[in-house]
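Side chains are part of it too, since the values below use all heavy atoms of this structure and drop only hydrogens, waters and symmetry mates.
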Amino acid sequence: MLIDIDKWEADRIAAIDSDGTQLTYGQIRALAELIEHSMPAHSLLFLLTENNVGGIAWVMASILAGQVPLILNAHTEPALLGTLTNTYLPEYIVAPAAMAEVQTEPIVADEFGYRLRATGAPHAKLNNELSHLLPTSGSTGSPKLVRHKYDNIEAAALNISTFFGLTEADRPLMVLPLHYTMGLSMVFSHLKVGATLLITDRKMTDTEFWALLKQATSFTGVPFSFELLDKMRFMRMKLPNLKLLTQGGGKMPADLNLKYAEYCRDNGKDWIATYGQSEGSARMAWLPPEYAISKMGSIGIAVPNGRLSIRDLDGNEIPESPAEGEMCYEGRNVTMGYARCREDLALGDERHGFLPTGDIAYRDADGFYFIKGRMGRFLKLYGNRVGLDECENILKAHITCECACSGDDTKLLIYLSDAAQADVAKERLMEAIKVPATAIEVRVIDSLPRNEAGKILYSKLN
């Protein structure tokens, strides 16, 4: 069975959520059998999830049963959900029982607080290797999906459980959503080793969150997660069970990165930064904890069984180090490609294990990789190539409020959450990128728009 999930005793606890509800490995397998006998093989379904044991049960059981779920946030914006539904015509919809407004008749199954309903749509032609679908990161209106295959799940589960050294004794706290690639990878990798996931949809200010954190052996978050924890004086708390902190989902501010690295070093814990994309089934690189301080800011090296490389503008690999160019990844966890319409779900593997990441990276003399910015995140102002990610990093060294950079080849836009720091921000960037004041405009907003993983939604800045 996929990721050896049949290896574990039926009564072994696979997950516990904020309400104290438990899910066993046996219940996941039983639900898979129910789904397999309730609908035609390899059917397309929309799976609207929340962070609870029901969400884990339906995600895993649907895939184990050979169905193909598009895993979505149960609270997806109605306009986006409507676009996806009209584009892909799901044969079935699974949603929390309370969400009657997005459900259709008749009810096929009702388990773990979720209901499976048929839509009456015709059977979709799906590639035999297709295991599940995820929306592209940060998508707010696009129907573009990432097509995953079964071998991606196996590879991701093996790679991640190997470099984290996961065992059946682990109890990770999962705050990342199931429809987010890094959250889903936590499920695959921990269930492969027989661990117990602690999953929550509570805010970090809620009592239930802290009750689970005190039981957890590890915590995985994005930079925004660790910013919130730091504001809540996380490092003053006694958490003897917590042995591992892992970070992904973008670059951490240098001062915060160092703060957590030193905290972990001084308190017998590991701090591991990771890098990944949905197109690579989450993690593709990791920074071993012994290098957390000496190579701070690096995404590290390729995950086990994977390979990173640097390519020039013509696509030629640069074997020497140091080197800078587009970072590419090779491995079994590279997904099949994108889908933009229902017919694309029948397509085969278009990537064949090779993924140009779209990230500009620097590889140092020791073989460690550092992300410099996105290939598309550049402007050309007064003849100068200006990296927007680099501009944000410059600002973060001089101001204390939230900031983001956007714009076009006529003007650089700085978004700040504090008007009092506007003059400093503009002056620092003028000095750094050597452009006149008229080429930079500061806009003050209440807060930066972010997705559930904490990433800035640049498309919503205006």
Check step by step if salt bridge (charged side-chain N to carboxylate O under 4.0 Å, His left out) holds for Arg450 and Glu402. CA-CA 11 Å; Arg450 298 177 184 271; Glu402 285 190 302; 3.0 Å; yes
Between Asn241 and Lys214 (side chain of the first, backbone of the second, donor and acceptor by atom type, cut-off under 3.5 Å), is there such a pair? yes
Determine whether Lys372 and Asp359 satisfy the following criterion, side-chain contact (heavy atoms from CB on, under 4.5 Å), listing intermediate values before the conclusion. CA-CA 7 Å; Lys372 307 294 287 186; Asp359 283 323; over 6 Å; no
Cationic N near anionic O, under 4.0 Å, Asp230 to Lys259: yes
I'd like to know whether Leu145 forms a side-chain contact (heavy atoms from CB on, under 4.5 Å) with Leu70, so could you lay out the CA-CA distance, the side-chain angles of the two residues, the decisive distance to 0.1 Å, and finally the verdict. CA-CA 9 Å; Leu145 308 176; Leu70 166 56; 3.8 Å; yes
From Phe112 CZ over to Ile56 CD1, what is the distance, rounded to the nearest 0.5 angstrom? 11.5 Å
Do Phe46 and Tyr92 make the cut of ring centroids closer than 6.0 angstrom? no
Just distance, no hydrogens or angles: give the donor-acceptor pairs under 3.5 Å from side chains in residues 182-191, sequence neighbours left out.
from, atom 1, to, atom 2, distance (Å)
Ser185, OG, Met182, O, 2.8
Ser185, OG, Arg283, NH1, 3.1
Ser189, OG, Ser185, O, 2.8
Ser189, OG, Met186, O, 3.3
His190, ND1, Met186, O, 2.8

Donor-acceptor pairs under 3.5 Å, side chain of residues 261-269 to any protein atom, not counting sequence neighbours: which ones?
from, atom 1, to, atom 2, distance (Å)
Asn267, ND2, Tyr263, O, 2.7
Lys269, NZ, Leu239, O, 3.0
Lys269, NZ, Leu242, O, 2.7

For Val59, does its backbone N or O pair with a side-chain atom of Ser62 as donor and acceptor, under 3.5 Å? no
Examine Arg307 relative to Phe354 and say whether NZ or CZ is less than 6.0 Å from the centre of the six-membered ring and inside a 45° cone about the ring axis. no
Side chains of Arg363 and Tyr369: any donor to acceptor distance under 3.5 Å? yes
Check whether the ring centres of Phe370 and Tyr275 lie less than 6.0 Å apart, and answer yes or no. no
Evaluate Trp271 against Gln247 for side-chain contact (heavy atoms from CB on, under 4.5 Å), listing each step before the verdict. CA-CA 8 Å; Trp271 171 252; Gln247 176 261 319; 3.8 Å; yes
Ring-face cation of Arg147 near Tyr338 (centre distance under 6.0 Å, axis angle within 45°): no
Is there a salt bridge (charged side-chain N to carboxylate O under 4.0 Å, His left out) between Lys192 and Asp4 once you walk through the steps? CA-CA 6 Å; Lys192 180 175 177 62; Asp4 299 325; 3.3 Å; yes
